[in-house]
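Just follow the structure's listing: the first ligand is 1, and inside any ligand the first atom is 1. Quick note: numbers below take in every heavy atom, side chains included, and nothing from hydrogens, waters or symmetry partners.
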Amino acid sequence: MGPRVPMVDLAARHARLRLEVEAAVAELLASGRYIGGIPLEYLESRLASRHGRAFCVGAGSGTGALRLLLQACGIGPGDAVVVPALTFAATAEAVLQVGARPVVVDVLPDTQLTPREAAAVDAGACAVLLVHLFGLKAPDPQLPAGSDALLLDDAAQAIGRVLPGGSGRAAALSFYPTKVLGAAGMAAPC
Ligand SMILES: *Cc1c(COP(=O)(O)O)cnc(C)c1O
């Protein structure tokens, strides 16, 4: 058997930034402000300007951010939300958490990202969650004529990609350790 190659070696990645991360964590613990505070405000404003958005709000997880996004748009029980077939389970989970119904639509064969042709997107859907995977921006879907469905971005795996001039009204990001930019501060090599 050949050598074992770990799928994601978080410890090796952390080693490269260890001193910087540990100093920041020590400073945070000493301040006693574990929730909110200046470091989060700084991150929120940097993320907002990096993505050309009016503002950014910290949440507990990418799933929580998706849920807030749906709630902020008034999506709830009785609503249908289009979710692409190729994504992580949390995309549909957030839709279920607000009491809405995920409508799973197959993706275009060329990009593997954007939900298929307009007709396949449920005409009754009030929103489409466009999922950007592997650090790639999914092209905007063609919505059925007359559809006023909201376009929202699940950018949990694509920080820095959901810029203005395309895609949705609001986007959710994730800092889960194995994402493109994990919470420990080390970007995945890609
Ligand atoms: C990881 C992921 C989420 C959820 O993010 P968490 O921070 O793990 O809750 C949502 N959507 C996609 C596409 C993801 O990859």
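Under a 3.5 Å cut-off, the side chain of Glu44 and the backbone N or O of Val57 do not form any donor-acceptor pair. Using a distance-only test at 3.5 Å, with no hydrogens or angles considered, a donor-acceptor pair links the side chain of Arg161 to the main chain of Gly135. Counting only distance, with no hydrogens or angles, the side chain of Arg53 and the backbone of Val162 share a donor-acceptor pair below 3.5 Å. His14 places no side-chain N or O within 3.5 Å of a backbone atom of Leu10 that could act as its donor or acceptor partner. Between the side chain of Asp154 and the backbone N or O of Ala156 there is at least one donor-acceptor pair closer than 3.5 Å.
Taking distance alone, with nitrogen or oxygen atoms compared against 3.5 Å, Gly62 approaches ligand 1 more closely than that limit.
Short contacts between ligand 1 and Ser174, defined as distances under 4.0 Å to a heavy atom of the residue, involve ligand atoms 5 (O), 6 (P), 7 (O). When each atom of ligand 1 is checked for a heavy atom of Val131 under 4.0 Å away, the hits are 13 (C). Taking every non-hydrogen atom of Thr87 and a distance limit under 4.0 Å, the qualifying atoms of ligand 1 come out as 13 (C). Using a 4.0 Å cut-off to heavy atoms of Ala90, the atoms of ligand 1 that qualify are 3 (C), 4 (C), 10 (C). The Gln157 neighbourhood of ligand 1 comprises atoms 15 (O), with distances under 4.0 Å to a heavy atom of that residue.
With atom 3 (C) of ligand 1 as the reference point, the heavy atom nearest to it among Ala155, Ala65, Ala156, Ser61 is part of Ala156.
Across every non-hydrogen atom of Val107 and Ala85, the tightest pair is CG1-N, 4.2 Å.
Considering only non-hydrogen protein atoms, atom 2 (C) of ligand 1 sits nearest to Lys179 NZ, 2.5 Å. In terms of protein heavy-atom proximity, atom 9 (O) of ligand 1 is nearest to Thr63 OG1, 2.6 Å.
The part of Asp154 lying near ligand 1 is the side chain, judged by heavy-atom distances below 4.0 Å.
Between Thr91 and the options Val104, Val81, Thr63, Val131, a side-chain contact (heavy atoms from CB on, under 4.5 Å) holds for only Val131. Considering Asp153, Leu69, Leu150, Leu151 in turn, Leu150 is the only one that fulfils the side-chain contact (heavy atoms from CB on, under 4.5 Å) rule with Arg169.
For the ligand labelled ligand 1, residue His132 lies outside the 4.0 Å heavy-atom shell.
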